[in-house]
Amino acid sequence: MANGDPAGRRVLLVIGGGIAAYKCLELIRRLRDHGVGVRAILTRAATQFVTPLSVASLAGDRVYQDLFSLTDEAEMGHIRLSREADLVVVAPATADLMAKMAGGHADDLASTALLATDKPVLVAPAMNPMMWGHAATRRNVQRLQADGVGFVGPEGGDMACGEEGVGRMAEPHDILEAILARFDGGADERPLDGRHAVVTSGPTHEPIDPVRFIANRSSGRQGHAIAAALHALGARVTLVHGPVGVAAPAGVDVRPVETAAEMAAAVTASLPADIAVCAAAVADWRPAAVAAAKLKKSADAGPPLIALTPNPDILKALAEPGPHRPALVVGFAAETDDVERHARNKLERKGCDWLLANDVSPPTGTFGGSRNRIVLFTRDGEVERWPELDKADVGVRLARRIAEHVDVLEGRG
């Protein structure tokens, strides 16, 4: 995995002229956090949305704009820019930029550098849904794919123009995952190719009656991010998730469920697997009996007494020895106090190989939020304390750690 280390790599980021250009500022920050150098080209239209100063400040490098700069072109700047990077990323890739790429045009610095590069190119399209669906754009996409250009996105949703449909640029964490996957060897040498991973995500809802249920505040963001990151490294991923409001990652096999019993059955049906990551916040108990009709309040009666019964222990069942046990079983421990002690105890009780602990006490805001601070425990006694990261970045880091572990198991590490 040493060759896949992103630190020291360089990205040439071509920023196109769309409202989504603002997302590139976050993308640059995340790349720098991973030790990736960023050099940026701004198209003339891009400067209407982000300033060269903001891009240069985050990238820690100068920004390039002018094809006919006397200083830069005296040194054949467009050639040098295109050759010194490990990967060229176009974000947002507007309809105009993709048309220039597909047609081989070279009338500004961005299109000239793209035509002159000998490095892989990854684009993140962003445009109005009608433009994305237009026959001309579809032809250009097919041409670029045939030329070996990689794509991440676009996504569906509300657009800045007020319309709804497919055309939103992928989020910075999705683009980051695609970039890191390229650094891990690219689509043809992804480290988890041929591996099957089962990931659980989100809460479970345990019905009390037809309208009420027991649940928790899990959003599913972390489990979904892990599934996306494992898929980006080449794994075939089965994502078993409870009721969530986040979209499932592209390219994974999705099994939506509601209750813990349904989740346990779906996980069992997904075996065999090489890797299991239990990120779901499964309800520990469920009502022993579910009322057939909505329970009513009564002036002369107190609240109903609800008897509880334990739910299936999905993590422990996966970790039990047997022919279908995954080679690597990873659990999560969401704790509100004495986090590390409780996590170590859970690792022993469940019998899993790794356990990721995170503090979800109310002051942290991590349960259902967008960030996480992880402590990783292994059965071999290793302890890794990760810095606070966006949940997407936690997913990327865990997926890379899993890929390293697979290498070691196979004697390649």
Handout entry: Ala248 versus Val254, closest heavy-atom pair with distance
Key = CB-CG2, 3.6 Å
Practice task
State plainly whether the residues Glu258 and Arg286 are in salt-bridge range, i.e. N to O under 4.0 Å.
Solution key: no
Exercise for the section: Verify side-chain contact (heavy atoms from CB on, under 4.5 Å) between Trp386 and Val394, making sure each step is shown before the conclusion. Expected result: CA-CA 9 Å; Trp386 297 359; Val394 171; 4.0 Å; yes
Exercise for the section: Please determine, by modelled atom types, if Thr51 and Ser54 share a side-chain donor-acceptor pair under 3.5 angstrom. Expected result: yes
Practice task
Flag the pair Glu26 and Lys23 as a salt bridge only when some basic side-chain nitrogen lies within less than 4.0 angstrom of an acidic carboxylate oxygen.
Solution key: no
Exercise for the section: Could you tell me whether the side chain of Leu355 reaches within less than 4.5 Å of the side chain of Phe332, counting heavy atoms only? Expected result: no
Practice task
Answer with yes or no whether the side chains of Asp108 and Ser111 bring together a donor and an acceptor at under 3.5 Å.
Solution key: yes
Exercise for the section: Would you indicate whether the side-chain heavy atoms of Ile175 and Met169 approach each other to under 4.5 Å? Expected result: yes
Problem - Any side-chain heavy-atom pair of Leu12 and Leu87 under 4.5 Å - result: no
Problem - Whether Thr200 side chain and Ala280 backbone form a donor-acceptor pair below 3.5 Å - result: yes
Practice task
Assess Arg168 against Trp132: is NZ or CZ under 6.0 Å from the centre of the six-membered ring, and within 45 degrees of the ring's axis?
Solution key: no
Fill in the blank from the handout: Only residue of Asp253, Val267, Val252, Val199 satisfying side chain to side chain contact (heavy atoms under 4.5 Å, CB included) with Thr238 is Asp253
Exercise for the section: Run through Arg379, Arg325, His405 and flag the one making a side chain to side chain donor-acceptor pair (under 3.5 Å) with Asp353. Expected result: Arg325
Problem - Heavy-atom check, side chain of Leu356 versus side chain of Leu398, under 4.5 Å - result: yes
Problem - Side chain proximity check, Val360 to Glu335, heavy atoms < 4.5 angstrom - result: no
Completion exercise
Nearest heavy-atom approach of Ala343 to Ala357 is CB-CB, 3.5 Å
Completion exercise
Nearest heavy-atom contact between Leu347 and Trp354 is CD1-C, 4.0 Å
Problem - Short N-O contact, Asp33 and Arg30, less than 4.0 angstrom - result: no
Practice task
Might you confirm whether atom CZ of Arg44 has over 12 heavy atoms from other residues, nucleotides or ligands at distances under 6.0 Å?
Solution key: no
Practice task
Using the test ring-ring contact (aromatic ring centres under 6.0 Å, His included), find all partners of Phe213 that sit at least two apart in sequence or belong to another chain.
Solution key: His205
Exercise for the section: Could you walk me through whether Leu176 and His34 pass the side-chain contact (heavy atoms from CB on, under 4.5 Å) test, one step at a time? Expected result: CA-CA 10 Å; Leu176 174 68; His34 282 80; 3.7 Å; yes
Exercise for the section: Report yes or no: does Glu348 contribute a side-chain atom to a donor-acceptor pair with the main-chain N or O of Asn345 at less than 3.5 Å? Expected result: no
Problem - Thr43 versus Gly17, closest heavy-atom pair with distance - result: OG1-N, 3.6 Å
Practice task
Output yes when a side-chain donor or acceptor of Asn372 lies under 3.5 Å from a complementary backbone atom of Ile374, and no otherwise.
Solution key: no
Problem - Expected output: side-chain Asp274 to main-chain Ala197 donor-acceptor under 3.5 Å - result: no
Practice task
Answer yes or no: is there an ion pair linking Arg373 with Glu388, defined by an N-O contact shorter than 4.0 Å?
Solution key: yes
Problem - Donor-acceptor pair, side chain of Asp380 and main chain of Glu382, under 3.5 angstrom - result: no
Problem - Pairwise side-chain contact, Arg10 with Val36, heavy-atom cut-off 4.5 Å (strictly under) - result: no
Handout entry: Steps toward side-chain contact (heavy atoms from CB on, under 4.5 Å) verdict (Leu109, Tyr64)
Key = CA-CA 8 Å; Leu109 180 58; Tyr64 297 80; 3.7 Å; yes
Fill in the blank from the handout: What one should report as the nearest heavy-atom pair of Leu192 and Ala399 is CD1-O, 4.4 Å
Exercise for the section: Keeping the roles fixed (side chain from Thr137, backbone from Met131), state whether a donor-acceptor pair exists under 3.5 Å. Expected result: yes
Exercise for the section: With rounding to the nearest 0.5 Å, note down the distance linking CG in Leu81 to OG1 in Thr112. Expected result: 11.0 Å
Practice task
May I ask you to say whether Lys350 pairs ionically with Asp313, meaning some side-chain N is under 4.0 Å from a carboxylate O?
Solution key: yes
Handout entry: Under 3.5 Å donor-acceptor, Glu206 side chain and Ala215 backbone
Key = no
Mind listing the side-chain donor-acceptor pairs of residues 115-127 below 3.5 Å, one per line with the distance, residues two or more places apart or on another chain?
{"from": "Thr117", "atom 1": "OG1", "to": "Ser82", "atom 2": "O", "distance (Å)": "2.8"}
{"from": "Thr117", "atom 1": "OG1", "to": "Lys119", "atom 2": "N", "distance (Å)": "3.1"}
{"from": "Lys119", "atom 1": "NZ", "to": "Arg83", "atom 2": "O", "distance (Å)": "2.8"}

Problem - Under 3.5 Å: donor-acceptor pair, side chain of Arg212, backbone of Leu295 - result: yes
Problem - Minimum side-chain heavy-atom gap Val90-Leu114 below 4.5 Å - result: yes
Completion exercise
Which of Ile28, Leu31, Leu27 passes side chain to side chain contact (heavy atoms under 4.5 Å, CB included) with Leu58? Answer is Ile28
Handout entry: Under 3.5 Å donor-acceptor, Arg39 side chain and Val63 backbone
Key = no
Problem - Student check: side-chain heavy atoms of Pro272 and Pro323 closer than 4.5 Å - result: no
Handout entry: Asn140 side chain vs Ala136 backbone, donor-acceptor pair below 3.5 Å
Key = yes
Handout entry: Donor + acceptor pair across side chains of His224, Ser201 (<3.5 Å)
Key = yes
Fill in the blank from the handout: What one should report as the nearest heavy-atom pair of Leu239 and Gly223 is CD1-O, 4.4 Å
